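Single-structure report; data block below.
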Protein chains: 2
Amino acid sequence: MTSVVDRFREVAEQLTPAEHQLIKQILASPRDVALGTASDLAQSIGVHEATASRLAKKLGYPNYAGFRAAIQEDFIVRTDPAARVRNTLRQGTEAGPLSDLIQQEVEALARLDQYVDDQSLLTAAQTLVAARRVFIFARGNAQALAVLMERRLRRMGRAVTQLGGDGRDIAEQGLGLGSGDALLGFAFRRQPTHYAPLFEHARKAGATTLVISGTVGPSLRPAADHLLFAPRAGGQDAFQTLTVPMAICNALVLAMAKIDPRVSLENLEKLGQLIEAFE
Amino acid sequence: MTSVVDRFREVAEQLTPAEHQLIKQILASPRDVALGTASDLAQSIGVHEATASRLAKKLGYPNYAGFRAAIQEDFIVRTDPAARVRNTLRQGTEAGPLSDLIQQEVEALARLDQYVDDQSLLTAAQTLVAARRVFIFARGNAQALAVLMERRLRRMGRAVTQLGGDGRDIAEQGLGLGSGDALLGFAFRRQPTHYAPLFEHARKAGATTLVISGTVGPSLRPAADHLLFAPRAGGQDAFQTLTVPMAICNALVLAMAKIDPRVSLENLEKLGQLIEAFE
DNA sequence: AGTATGTTGCAAATTAACTTGCATTGAGGT
DNA sequence: ACCTCAATGCAAGTTAATTTGCAACATACT
């Protein structure tokens, strides 16, 4: 039984722009889509309902109703009524901003396993473990994650290069990419400038590419060899945090530590403490 | 806005046997009813679909669609994080590394509000809002958070300086600290080298100090003027993530946006998107 | 420029879902 | 036993949702 998200991934290559938008919208507010009609979905992003209907078929469902049923199955949680009532009552106690934030983060984290599974994580980790050198590409807020990953990878004995600066800088630094290297990219709200040429180059140079991203993930062109994506906490136009993608990063590091014979998790942390004590 | 259950109660007296059965069924499996059609519901207990349609009217809804929408609103939880995690973990035979990680993070986040409250957050935010310049001090993995905060504060129009490099560098950069400035520090496993002299200097220079930290927080010497701390996910000697402190950072930024008249949250994000589109 | 290919909106056709008038049934009252 | 009336099913009618052929448009490739 293939999950909806899996199907998105499978056909991501063959999707049209309008279909990408649709999927993005579904990922962004699955509940509303699961409860609404094809027209609702189409209208919410301003395409024709026919396009929604066609997307359902393209994804392998017999019709839109079947597609919606699958979305419901995957995204609408089954809860026993008793637990639900308890939950609702608990929320009622005048939350406060911090609790709201925490709640959002927790919700987003809880949904993470809808989008990323252990297998794809493992595959991605293998890529990084096998890589001779790792190049990291991140813009905007994602740079915080780039810094994090750079440190962690360094500590595991990887040669790491951050690709930064303007287009020319990135181009120059990216020239080093070759077969046996890996390119790790981050992308959130939209496809970053310089993404396309950089990943194009990586592909031609024979480097493996890996992207960690938010809902844009599936619409990135060219697609990376490995994609790990999940929607972030907070609404589309609201304050969005890096909690979810950071969890992906952490999981990735854990997976690497597990399969890389050179480092055990304990050593990793001991070494980390040692380094921090001296630096 | 009356809830569905309330309406059941109100009209309970005037209901026919078939209608009673229907309501019983709705209460027994609200999810299925909320996602299904009038016929589905009717068939599930062996009455005619027309009866379901009539029940909706009797309960005061304009039609069955309106009735179902109300059921969805009341019973399909917008978000059900805790249950979701529990579910995932329960059903999985040997949950898998990703779920383990997620669960740890969620638990740690859930505990966060035992350590940090809205009031101290607000006070800390005021400090940063009022500061002329903000200096950031972070070592090790915390640098990822420093990068994050630097970007966010910059975007809010603050003058920000990262204190990096070796002892001498930090000393030189820290000399700029004066009255009206704020020093934001991060500390996790232990008190960082250079922490003591730097914060000592800040105090003498009349700068306000703020520390975001893990469990070491309370044992830092000298103590900062404001301390926000909470234990991180994972055991003491295990792999520890930055999720919890990052949540504190995010909450802090949110609090700042709320009290700083110069920035609204929306503007902040809009601006952010704009910047990212151009950079 | 011209052509082939693919994408999307439009609108008509189809299908599913829901509503309602009418007929049947059965319970309670005369 | 007969009548009345509410409850329910039936089926035709109505409305909403979905599908699909077609044309317009865009794009990439001669």
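Predicted, not measured: the structure shown is a model, and the values here were computed from it. Reminder, nothing fancy here: chain letters follow the sequence lines and each chain counts from 1.
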Distance, rounded to the nearest Å, where A/L55 contributes CG and C/dT8 contributes C1': 13 Å
Gap between atoms CD and C1', on A/E19 and C/dG9 respectively (whole Å): 14 Å
Ring geometry between A/Y64 and A/F67 (parallel below 30°, tilted from 30 to 60°, perpendicular above 60°): perpendicular
A/F137 and A/F199 aromatic ring geometry - parallel, tilted or perpendicular at 30°/60° bounds: perpendicular
Residue that, paired with B/R68, satisfies side chain to side chain contact (heavy atoms under 4.5 Å, CB included) out of B/V33, B/T37, B/L41: B/T37
B/T243 side chain reached by A/E105 side chain, heavy atoms, under 4.5 Å: no
Nearest-0.5 Å distance that lies between atom CG in B/N250 and atom CD1 in A/I102: 11.0 Å
Contact pattern, 5' to 3', of nucleotides 13-25 of chain D - B, S or - by protein heavy atom under 4.0 Å: ----SBBBBB---
